[in-house]
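Single-structure report; data block below.
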Amino acid sequence: MLKRSLLLCLTMAAGACTNEAGLERQSAFGEATRHNAAVTSGDLNFVVQLGQRFANEVPTTINFDFNSARLDSQAKAVLDRQADWIKQFPEVRFKVFGHTDAVGSDAYNRRLGKRRATTSVNYLISKGISRKRLEAVVSLGETKPVIASPNRERENRRTVTEVSGFVRDNPLLDGKYAAIVYRDYVQSAVVEGTLTLDDGLETKLGGE
């Protein structure tokens with residue numbers, strides 16, 4: 001009887017250990033799966049960090065004249081800087097949001113916001129950015145103003161470019177999200193301090 005009781009206790013203990021270990025392994029596996037899914041979908045904070053870098057290193061916003069989707073020279077200069085940055089991070093996708101001021105109907109302003117965003121996207125494409133990396137253009141019309149006013153406000157007439165995620169099939173990605181986030185950005189793709197002058201030019205410059 002004692003042997004049977006001892007055997008029963010050992011069997012129950014072994015079963016409990018196996019079950020607990022199994023749950024532990026399942027939990028770890030589930031966590032890894034969720035982590036991988038989050039990385040693949042771009043839901044981790046790497047996207048947030050990269051978006052903050054983009055916003056800190058280049059202007060994200062351009063403005064428009066009233067009732068216009070035309071890019072002026074200032075807007076083109078900003079988009080040129082955005083294009084330089086985007087080219088150096090080929091694993092990253094972007095969204096362009098179009099906005100208007102409050103003058104005009106909601107329907108008209110949504111169309112105008114989309115025209116502005118489309119104009120910005122097309123300009124970036126003309127600078128060599130793949131259309132596949134520029135996600136669906138979104139028009140927010142007058143619904144998210146910088147300045148809450150019913151009047152003509154230039155600051156509200158804008159497009160905003162934002163990081164939206166990673167290109168899933170890019171061979172350069174390979175799960176190295178942190179390395180991408182902290183990759184050096186070289187403004188205008190020119191490394192400062194690497195240019196050298198010949199002796200004659202150096203002497204001439206030194207004498208002025």
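We're numbering straight along the sequence, starting at 1. In this text the structure is predicted, and so the values were computed from the model without any measurement.
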What I want to check is whether the side chains of T60 and T161 have a donor and an acceptor closer together than 3.5 Å. no
Taking the side chain as everything from C-beta on, heavy atoms only, tell me whether V160 gets closer than 4.5 Å to V96. no
If you measure only the distance, is there a donor-acceptor pair under 3.5 Å linking the side chains of T100 and E142? no
Check for me, please, whether Y108 and L140 land in the same ILVMFWY cluster - side-chain distances under 4.5 Å, paths through other members count. no
Can you see whether F64 has R157 sitting over its ring - NZ or CZ less than 6.0 Å from the centre and within 45° of the normal? no
Decide if atom CZ of R154 counts as having more than 12 heavy atoms of other residues, nucleotides or ligands within a radius under 6.0 Å. yes
Hey, is NZ on K144 packed in by over 12 heavy atoms from elsewhere, all under 6.0 Å? no
Kindly indicate whether the side chain of S120, heavy atoms from C-beta on, has any atom under 4.5 Å from the side chain of I62. yes
If you define the side chain from C-beta out and look only at heavy atoms, does anything of R81 sit under 4.5 Å from P59? yes
Answer yes or no: is there a side-chain heavy-atom contact under 4.5 Å between I86 and F94? yes
Give the ring-plane orientation class for F89 versus W85, where under 30° counts as parallel, over 60° as perpendicular and anything between as tilted. parallel
List the steps, then state whether side chain to side chain contact (heavy atoms under 4.5 Å, CB included) holds for N151 with V103. CA-CA 6 Å; N151 303 318; V103 179; 5.7 Å; no
